[in-house]
Amino acid sequence: MKLAQEREILDILRKELAENCIAESRISTDRPVVIINREALLQALRLLVEKFDSRFCTITAVDNGVDFELIYHMSIKGLVINVKTVVPKEESEVASVTKIIPGAATAEREICDLFKINFKGLADSRPLIVPSEWRDVKAPLRKPMSGIVAEYQKPTVETLMQQGQVFTMPSSVKAHRQKLKLPEIQTTMARPEALKELHEIAEAVEFDKRVGYDRLKKKLRY
Amino acid sequence: MEFKKEYSMFWGCWVPSRQPSVEAACRSVLSRFGIGIKDMEGVSCCPDPVVTERLQREMWLALAARNLSIAEKAGTPMATICNGCYETFFEAIETLKTNENLRGKVETALDRIATTLPKKTELRHIIEILGKDVGVEEIAKLSSKRLSKLNVAVHPGCHLYRSHSREEVQDKPEMFEQIVAATGANLVDYGITRFCCGYPHRVVEEEFSLRMMLARKLQRIWDADADCVVVSCPACNIQFEFGQLELKRKYDIAFGSGIPVIHIVELIALGLGIKPEEFGLSTHRGPTQNIISKLE
């Protein structure tokens with residue numbers, strides 16, 4: 001496939017998916033990767049199938065500890081585009097693409113067997129390669145929910161993200177400080193606008209993502 | 001008020017939240033010597049050079065750079081009272097100078113909060129302020145004879161050895177000993193001054209940290225007849241104080257009623273004649289009676 005055609009496909013994906021197209025990268029010079037929001041998966045694959053007559057090769061599933069990565073390998077006249085999406089482990093669910101690509105059923109069933117990811121809308125979800133009694137008990141390739149933060153590091157990371165400091169101040173120390181007439185502290189603990197800056201930085205360098213921190217719940221996901 | 005020198009004080013996490021007596025003593029001592037301090041507004045954890053730096057250097061460096069920028073905007077050098085914070089800022093300043101890739105990432109992150117990279121922030125450990133700006137002669141001149149019966153074991157802590165060159169490695173630890181001597185207290189030689197207190201290992205393997213590191217050090221200090229340990233780092237302070245409680249509770253290892261531990265600024269405060277209650281010496285979790293009973 002010529003470079004111009006590859007560029008046309010990627011341009012259309014970017015345009016149609018808009019903000020649901022999160023990032024792009026390349027495995028090699030001729031293997032583009034488009035990372036999309038999970039919600040836009042069907043839209044992206046429908047576009048590739050209906051507009052570019054794309055052929056489905058397979059799906060790769062990767063367990064990253066806190067999230068799964070699903071990589072849909074789509075071939076268009078010799079060009080393979082990887083459409084990648086992330087599935088949070090807490091949910092472990094993604095839309096089945098079998099309405100667009102019936103042949104994807106085998107791959108989805110296999111991933112369901114091995115990783116316990118539910119493909120919503122998959123008509124035949126019987127186990128494919130594991131015994132049926134394993135279905136709700138065992139998924140051989142699914143790791144426990146875990147991230148890069150070790151157990152002993154968790155309090156440091158959570159307190160840093162919650163208040164910008166790694167120790168809370170006990171009431172006894174507050175009382176001592178008052179008695180000693182020490183000034184009010186001026187740190188991120190007492191300055192919400194400063195803590196917001198810390199969160200902005202964390203987002204910019206993708207610290208939350210790297211350590212698996214849930215900003216809404218204010219704790220690590222594992 | 002006219003100051004001999006003025007600093008943006010980075011208090012860190014430990015001192016304000018756990019050791020108010022260290023902060024109170026530091027404020028009194030520096031004021032007595034004509035050194036001004038400005039509390040830094042909106043600073044975060046340095047962040048810690050053990051956990052955060054290992055998890056993601058970009059985050060660690062960007063937060064350190066933000067803190068350094070706050071000092072730079074204030075127009076005064078930055079001072080720390082903690083070896084860990086000193087380690088972070090020392091390393092951050094060097095990394096920002098030498099690692100173009102990381103510097104670029106940090107610059108982009110700081111841009112989101114409308115902050116620029118720190119360019120020329122000066123960093124001083126409290127030992128350097130006391131040893132250079134104040135001077136050991138001045139400390140000796142203003143110190144009373146109150147500490148002449150107090151035997152002190154010095155624990156500089158690992159990060160105090162941080163320096164720009166091999167020749168400077170001993171500068172701050174030696175300065176630390178000179179300052180202690182200037183207070184009039186008696187330095188005891190217990191042979192393993194440089195041995196780590198075990199604090200960084202504590203969270204990973206507690207028994208190793210307490211029995212193999214801390215207890216060994218305390219035994220030598222005890223055998224050398226020291227009345228107390230003097231530190232320049234709040235994390236070492238916590239390890240010595242809480243560690244002794246844990247050694248007794250979990251392993252039945254005790255050194256009399258406990259060896260007191262104080263920060264260098266507290267020792268100087270006592271030497272200057274500042275009363276223990278004025279800076280809250282009794283707020284320590286460990287015993288302090290051995291110190292008070294030895295004051296002249």
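Proteins come first, then strands; the chains are lettered A, B, ... in the order of their sequence lines, and each starts at number 1. Both backbone and side-chain heavy atoms feed into the values below; hydrogens, waters and symmetry mates do not.
With a threshold of 4.5 angstrom between heavy atoms, B/Arg27 approaches chain A through side-chain atoms but not through N, CA, C or O. With a threshold of 4.5 angstrom between heavy atoms, A/Thr156 approaches chain B through side-chain atoms but not through N, CA, C or O. Looking at B/Trp11, neither its backbone nor its side chain comes within 4.5 Å of chain A, counting heavy atoms on both sides. Residue B/Leu110 touches chain A through its side chain alone, counting heavy-atom pairs closer than 4.5 Å. Interface remark: B/Gln19 contributes no atoms to any contact with chain A (heavy atom separation under 4.5 Å). Using a 4.5 Å cut-off between heavy atoms, B/Arg66 contacts chain A through its side chain alone, with no backbone atom that close. Heavy-atom distances place no part of B/Thr108 under 4.5 Å from chain A, backbone and side chain included.
Here the closest non-hydrogen pair linking A/Tyr152 and B/Val204 is CZ-CG2, 3.6 Å. Of all the heavy atoms in B/Cys45 and A/Gln165, the pair that sits closest is N-NE2, 3.3 Å. Across all their heavy atoms, B/Asp39 and A/Pro183 have their closest contact at OD2-CG, 3.6 Å. Across B/Ser17 and A/Val173, no two heavy atoms sit closer than the pair O-CG2, 3.3 Å. Contact detail for A/Ile201 and B/Ala62: the closest heavy-atom pair is CG2-CB, 3.5 Å. The two atoms that bring B/Gly42 and A/Thr188 nearest to each other are O-CG2, 3.7 Å, heavy atoms only.
Of the listed residues (B/Thr283, B/Val106, B/Leu55), the greatest number of heavy-atom pairs within a distance under 4.5 Å of chain A belongs to B/Leu55. Put simply, of B/Ser21, B/Ala109, B/Cys13, B/Ala24, the one with the most heavy-atom pairs under 4.5 Å next to chain A is B/Cys13. Contact count versus chain B (heavy atoms, under 4.5 Å) is highest, among A/Lys181, A/Glu206, A/Glu203, A/Gln163, for A/Glu203. Counting heavy-atom pairs closer than 4.5 Å to chain A, the top residue among B/Met59, B/Met40, B/Lys105 is B/Met59. When each of A/Ile148, A/Val157, A/Thr168 is scored by its heavy-atom pairs under 4.5 Å with chain B, the top score falls to A/Thr168.
A/Arg177 contributes a side-chain N or O that, together with a main-chain N or O of B/Pro16, makes up a donor-acceptor pair within less than 3.5 Å.
Note: A/Gln153 CD to B/Asp48 CG = 9.0 Å, rounded to the nearest 0.5 Å. In this structure, OG in A/Ser172 is found 8.5 Å from CZ in B/Arg18, a value given to the nearest 0.5 Å. Between B/Ser44 atom OG and A/Leu195 atom CG the span is 9.0 Å, to the nearest 0.5 Å. Atoms CG and CH2, on A/Leu160 and B/Trp60 in that order, are 13.5 Å from each other to the nearest 0.5 Å.
Around the CD atom of A/Glu193, the shell of radius 6.0 Å holds more than 12 heavy atoms that belong to other residues, nucleotides or ligands. When the shell of 6.0 Å around NZ of B/Lys73 is examined, it contains more than 12 heavy atoms from other residues, nucleotides or ligands. When the shell of 6.0 Å around CZ of B/Arg162 is examined, it contains more than 12 heavy atoms from other residues, nucleotides or ligands. Around atom NZ of B/Lys250, more than 12 heavy atoms belonging to other residues, nucleotides or ligands sit under 6.0 Å away. A 6.0 Å sphere centred on NZ of B/Lys119 holds more than 12 heavy atoms belonging to other residues, nucleotides or ligands.
Listed in order of number, the residues of residues 57-75 of chain A that approach chain B to under 4.5 Å between heavy atoms amount to none.
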Are A/Arg210 and B/Glu58 close enough, and set up right, to give a salt bridge (Lys or Arg N to Asp or Glu O under 4.0 Å), and what steps lead you there? CA-CA 11 Å; A/Arg210 178 165 168 77; B/Glu58 289 87 343; over 6 Å; no
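Between A/Glu197 and B/Arg112 there is no salt bridge, since no side-chain nitrogen of the basic residue lies less than 4.0 Å from a carboxylate oxygen of the acidic one.
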